[in-house]
Each structure stands twice: as C-alpha cells, then as structure tokens.
Amino acid sequence: MGKLIFFLLVAVAIYWWLRKPRTIGRQDPSPPLNEPETMVSCAYCGLHVPLRESVVAGGRHYCSDEHRDLDGGRKRG
Ligand SMILES: [Zn+2]
C-alpha cells in the first residue's frame with residue numbers, strides 16, 4: 001500500500017505543477033502607438049504636409065525640395 005500512496009503523491013505533485021501558471025518570461029510587446037502626424041504648411045505654396053516628409057530649411061517647412069529652392073533661392077538670382 002505504501003507504493004500506492006507514493007504514486008498518489010507524485011500524481012498530486014504533477015497536477016499542482018501543471019496547474020501553476022507559467023508565464024515567466026512572457027511579455028507581450030505593446031503595439032506601437034499611432035502618434036498623430038504633425039502637419040506643417042509649406043512656406044512657399046501653403047500645402048499641408050506631414051512634418052516627417054517636409055523639407056526644413058532656415059526654420060521653415062516646405063512640401064518639396066523644389067519649393068525650398070524656389071523660396072530660398074530667389075535671392076541668388
Ligand atoms: Zn510647396
């Protein structure tokens with residue numbers, strides 16, 4: 001009968017081990033938040049473009065390199 005109790009204890013131990021939540025080391029990476037895009041207006045034509053896509057020159061934003069050159073390059077003749 002001693003063996004039966006031993007196996008019963010092993011079974012209980014396994015049962016408890018399986019019941020334990022094993023979530024150690026599992027961290028769901030939080031999805032990147034969609035930051036609202038900052039819009040700037042072109043200093044030359046006034047078109048609104050995302051800040052990342054804008055061309056910055058002399059503290060002014062432009063929608064394209066062309067407009068930056070047109071606005072800033074006029075003085076160069
Ligand atoms: Zn423009």
Side-chain angles (χ1 to χ4, degrees):
M1 289 301 281
K3 274 183 184 177
L4 191 70
I5 290 165
F6 173 75
F7 282 118
L8 195 72
L9 284 169
V10 170
V12 170
I14 291 168
Y15 176 76
W16 270 92
W17 183 73
L18 288 172
R19 270 182 56 123
K20 269 198 301 185
R22 282 168 291 167
T23 55
I24 300 161
R26 276 199 63 189
Q27 281 190 336
D28 292 324
S30 56
L33 294 167
N34 274 334
E35 293 177 12
E37 197 81 56
T38 305
M39 301 294 283
V40 293
S41 58
C42 175
Y44 185 77
C45 69
L47 186 77
H48 284 78
V49 291
L51 182 62
R52 282 184 201 172
E53 294 174 26
S54 68
V55 179
V56 184
R60 293 156 77 107
H61 298 277
Y62 301 96
C63 65
S64 61
D65 291 326
E66 191 184 353
H67 279 184
R68 179 201 58 193
D69 293 341
L70 283 168
D71 191 50
R74 279 183 294 193
K75 289 169 189 171
R76 280 188 289 178

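The basis for the numbers below is simple: all heavy atoms, side chains too, and nothing from hydrogens, waters or symmetry mates. Note that ligands are numbered from 1 as they come in the structure, with each ligand's atoms numbered from 1 the same way. Not measured: the values here are computed from a predicted model.
Between Leu8 and Leu4 the shortest side-chain heavy-atom distance does not fall below 4.5 Å.
In this structure, SG on Cys42 lies 6.0 Å from NE2 on His67, to the nearest 0.5 angstrom.
Applying the 4.5 Å side-chain rule to ILVMFWY residues, one finds that Met39 remains a lone member of its cluster. By the 4.5 Å side-chain criterion applied to Ile, Leu, Val, Met, Phe, Trp and Tyr, Leu47 is assigned to a cluster that also includes Val40, Val49, Leu51.
Contacts classified as salt bridge (Lys or Arg N to Asp or Glu O under 4.0 Å) and involving residues 54-64 (residues at least two apart or in different chains) are given here: Arg60-Asp71.
Excluding waters, the set of protein N, O or S atoms lying under 2.8 Å from the Zn ion (ligand 1) comprises Cys42 SG, Cys45 SG, Cys63 SG, His67 ND1.
No option in His61, Arg68, Glu66 other than Arg68 meets the side chain to side chain contact (heavy atoms under 4.5 Å, CB included) test with Val55.
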